[in-house]
Amino acid sequence: MKLVLIGAGYVGLTTGTCFASLGCHVSCVDLSETRISDLQNGHVPIFEPGLADLIRQMAAAGRLNFSTDLRDAVSSADFVFIAVGTPSRPDGDIDLSQVDAAARDIAPYLAENAIVVIKSTVVAGTARAVCEIIKKTRKGKSVRVASNPEFLREGSAIADFLEADRVVVGADDHSTAVALRSLYRPLIDKGIPFISTSTTDAELIKYAANAFLALKIGFINDVANICENAGGDVSAVARGIGTDRRIGENFLQPGPGFGGSCFPKDTRAFAATGRRYKAPQGLIEQLISANDERKAMLAERILGVLEPRRCSRVAILGLAFKASTDDVRESAALSLIETLLKEGVEVGAHDPQARRKAQDLFGADVTWHEDPYSAVRGADAVAIMTEWEEYRDLDLTRLSDLMAGKHLFDFRNLLVAKDVTGHGLFYHSIGRPLLWPRTLNGTSGMAEARPALSGIAASVV
Ligand code: NAD
Ligand code: UGA
């Protein structure tokens, strides 16, 4: 089977490489000549665990290549996957221009029975619209378009593809559905459910899935707010509700607000779809505002401990929107940095993988560090924004000695509370009351509290 992936980003590269590992012959095509020449030279332009190795293996086996020559790649392909970006427009609705352009680009070169498969996340009706775009070029010839939404997560993309919970394929004719089923046969044979629907249903499934997962996160973040003020512990509450199988334990980890290239833009697009079809998605509209407000609220929390009349320094540990990726799109760390800079705070930052991408956005406005300890040197407050394992193992004696101030904000609940307070630091975590530093004789260091801390439930650990 010959496949072409249009778009060699997180999804195109992972999907193409995984299909190659299942025995297909795959070409990944991208508009970016730099990206393609990097890939041809063995440099993988994104950080995704395991991907670089698998790409090398598949390229060496002769089943994976990279090209900017669309005509050559498309004309011999059985399946042409569109995996280009579908960003938000300024009004929140989806910008389908890359999908439409890709459809127009491939249309003249499609082989007689080729199937165009939309992998990008797109709103209901897009597959049918793409079919019309292609038909204009291929007057009179048959055109087959399927919708095959992708559910992988960055950071675990290969396993999410090869051991997916399900494969969803939307097709509006029987033979296209059968062809896609045969393409996915190796996964179906492993016991992975294959869900066959119309193209519109497949498109709606993708948005409904992301919206539901984002709602779970928004819900637990709201519960975390109550826990902080009521003296509860959100981890205990999440465990207590998540063990009910109707609720489930996944996606109940509170944090600084969801980010990434998908949940923020897909919830906005789903809400816009609801408005378009006169079926308002009130829950999702509220979730979007609450997630934005959360990011602003956490920034306020940090500003609240800084002395207003003096230039303060804050160290940000973690820039990626989650661990195990270098992706910073809509990361909570970015909006925090923007707010702090606006308030005249000096910002130093570290991330094991995402520094370069964040640096492209903020340049010299932020001081960039090679290791977390150099970032925290002289900082009045430190904020952990991404759940990288290396932050869990921070040497707190060293960190506390290097800091100028005493406030550690752990927005991923990575650290052990009593270890932090035992090192003379205030511990601000998510969904648990503020904890005061312990002095050497084991009592509370409350005398160090500033007025900005009043009004928040606090305990000594
Ligand atoms: P990305 O920005 O990483 O990659 C998109 C690539 O497409 C870019 O390299 C761009 O140069 C290329 N491109 C754009 N127009 C092109 C054209 N006409 N011809 C050739 N190349 C073109 O995007 P991504 O994160 O891989 O996401 C792609 C789609 O998949 C989006 O719709 C997204 O919502 C969806 N999705 C993403 C994820 C994820 O985890 N990133 C997961 C599931 C679904
Ligand atoms: C998400 C979905 O999980 C994938 O199924 C989907 O394919 C993808 O979007 C997409 O459509 O692009 P991804 O954005 O890679 O995947 O990462 P997630 O692990 O879902 O995390 C998204 C955001 O939610 C991150 O900021 C993460 O920190 C946050 N999150 C996640 C929480 O705050 N709590 C949780 O319990 C889980």
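Whatever order the structure lists them in is the order used to number ligands and atoms, beginning at 1. Computed from a predicted structure; not experimentally measured.
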Is it the case that ligand 2 has an N or O less than 3.5 angstrom from some N or O of G257? no
I6-ligand 1 polar pair, N/O distance under 3.5 Å: no
Would you check if the side chain of D172 reaches a backbone N or O of T199 as a donor-acceptor pair within less than 3.5 Å? yes
By number and element, which atoms of ligand 1 are closer than 4.0 Å to a non-hydrogen atom of D105? 18 (N)
Can you confirm whether the side chains of S76 and K2 place a donor and an acceptor under 3.5 Å from each other? yes
Contact (N/O only, under 3.5 Å) between R412 and ligand 2: yes
Polar atom proximity, F321 to ligand 2 (N or O, under 3.5 Å): yes
Could you tell me how the ring of Y391 sits relative to the ring of H350: parallel (under 30°), tilted (30 to 60°) or perpendicular (over 60°)? perpendicular
Could you identify the single nearest non-hydrogen protein atom to atom 23 (O) of ligand 1 and state the distance to 0.1 Å? R329 NH1, 3.9 Å
Run through L298, L303, V345, L334 and flag the one making a side-chain contact (heavy atoms from CB on, under 4.5 Å) with T339. L303
Answer side chain, backbone, both or neither: which part of K206 comes under 4.0 Å from ligand 2, heavy atoms only. side chain
Flag the pair F79 / F19 as yes when their ring centroid distance falls below 6.0 Å, and as no otherwise. no
For K265, run the side-chain contact (heavy atoms from CB on, under 4.5 Å) check against T121, D95, N210 and tell me which one passes. T121
For the 3.5 Å polar cut-off, considering only N or O atoms, please tell me whether R153 and ligand 1 meet it. no
Numbered atoms and elements of ligand 1 in range of K265, under 4.0 angstrom, heavy atoms: 33 (C), 34 (O)
Can you find an N/O atom of N210 closer than 3.5 Å to an N/O atom of ligand 2? yes
According to the interplanar angle, ranging from 0 to 90°, do the rings of H407 and F426 count as parallel (below 30°), tilted (30 to 60°) or perpendicular (above 60°)? parallel
Regarding ligand 2, does F151 bring an N or O atom to under 3.5 Å of one of the ligand's N or O atoms? yes
Is G259 in polar range of ligand 2, meaning some N or O pair under 3.5 Å apart? yes
Under 3.5 Å between any N/O of E154 and any N/O of ligand 2: does that happen in this structure? yes
